[in-house]
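I have placed the structure first, in the form of structure tokens, so that the comments after it can refer back to it.
Just so you know, these numbers use all the heavy atoms, side chains as well, and skip hydrogens, waters and symmetry mates. Note that the coordinates shown come from a computational prediction; the quantities given were computed from them, not determined experimentally. Chain identifiers are assigned alphabetically (A, B, ...) following the order of the sequence lines, protein sequences preceding nucleic acid strands; residue numbering begins at 1 within each chain.
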Amino acid sequence: MRIGRMAALSGASPRSLRHYEDVGLLRPARSPSGQRVYEAADVDRVITIQHLLAGGLGTAVVKDLLPCLDAPAHERTGHLQDRLREEVERLEGRRRELARQVAVLGDLLAEQPPPGARGGPGRPVA
DNA sequence: ATTCTCACA
DNA sequence: TGTGAGGA
């Protein structure tokens with residue numbers, strides 16, 4: 001199938017599909033005229049890639065996990081699981097850091113006097 | 001009508 | 001990642 005159909009079936013825009021190829025996530029064949037030719041079996045792969053990307057993984061990480069996604073379920077090394085756990089830990093750490101920052105900014109905001117008529121909001125104070 | 005590459009206020 | 005140009 002060509003890029004248009006893959007886009008429709010996977011939900012990834014043609015733009016994204018070309019991008020995935022640029023970063024090495026996909027290697028569709030080419031027709032003699034230069035058009036990308038995708039295998040029907042790649043639809044799942046593209047969908048999985050989108051899930052991983054949506055989960056906040058970088059393209060480098062996703063690229064590293066591709067062999068796991070291609071390998072038959074019975075001969076997986078657990079690398080995928082390890083990597084996902086690693087990412088979850090990293091994101092949870094970030095979540096805690098963000099919560100801390102939200103708390104700090106929240107406190108600062110609470111200390112601010114209500115916006116008055118003069119010297120309204122938006123004016124940087126010295 | 002589709003897709004391709006390249007480039008960007 | 002979107003958008004548009006210019007060509008096949």
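For the pair A/T48 (side chain) and A/D44 (backbone), a donor-acceptor distance under 3.5 Å is present.
At a threshold of 4.5 Å between non-hydrogen side-chain atoms, the residues A/I47 and A/L9 do not count as touching. Within the 4.5 Å cutoff, the side chain of A/R83 has heavy atoms near those of the A/D64 side chain. Between A/V62 and A/Y20, the closest side-chain pair of non-hydrogen atoms is not below 4.5 Å.
In this structure A/R27 satisfies the side-chain contact (heavy atoms from CB on, under 4.5 Å) test with no other residue, sequence neighbours excluded. Partners of A/Q35 under the side-chain contact (heavy atoms from CB on, under 4.5 Å) rule, at least two apart in sequence or in another chain, are A/R2, A/S31, A/S33. Under the side-chain contact (heavy atoms from CB on, under 4.5 Å) criterion, A/R85 pairs with A/Q81, A/D82, not counting sequence neighbours.
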(request) Dot-bracket for DNA chain B, please, read 5' to 3', with Watson-Crick or G-U wobble pairs under 3.5 Å on both distances, ( ) within the strand, [ ] crossing, | other strand, . unpaired. (result) .|.|||||.

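The separation between A/R15 atom CZ and C/dG4 atom C1' is 12 Å, rounded to whole Å. Atom NE2 in A/H19 sits roughly 17 Å away from atom P in B/dA7 (whole-Å rounding). Atoms CE (A/M6) and P (B/dT2) sit 18 Å apart, rounded to a whole Å.
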What N/O pairs connect the protein and nucleotides 3-5 of chain B at under 3.5 Å? Give each pair on its own line.
from, atom 1, to, atom 2, distance (Å)
B/dT3, OP1, A/G4, N, 2.7
B/dT3, O4', A/Q35, NE2, 3.1
B/dC4, OP1, A/R36, N, 3.0
B/dC4, OP1, A/R36, NE, 2.9
B/dC4, OP2, A/R18, NE, 2.9
B/dC4, OP2, A/R18, NH2, 2.5
B/dT5, OP1, A/R30, NH1, 3.2
B/dT5, OP1, A/R30, NH2, 3.4
B/dT5, OP2, A/R36, NH2, 2.2

(request) List the steps and the verdict of side chain to side chain contact (heavy atoms under 4.5 Å, CB included) for A/D42 and A/L26. (result) CA-CA 9 Å; A/D42 288 335; A/L26 253 35; 5.8 Å; no

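Salt-bridge formation is not detected for the pair A/E21/A/R18: no Lys NZ or Arg NE/NH1/NH2 atom is positioned less than 4.0 Å from an Asp or Glu carboxylate oxygen.
Only at 4.0 angstrom or more do the heavy atoms of residues 38-58 of chain A sit from any atom of DNA chain C, so none qualifies.
Residue-environment remark: CZ (A/R94) stays at or below the threshold of 12 foreign heavy atoms within 6.0 Å.
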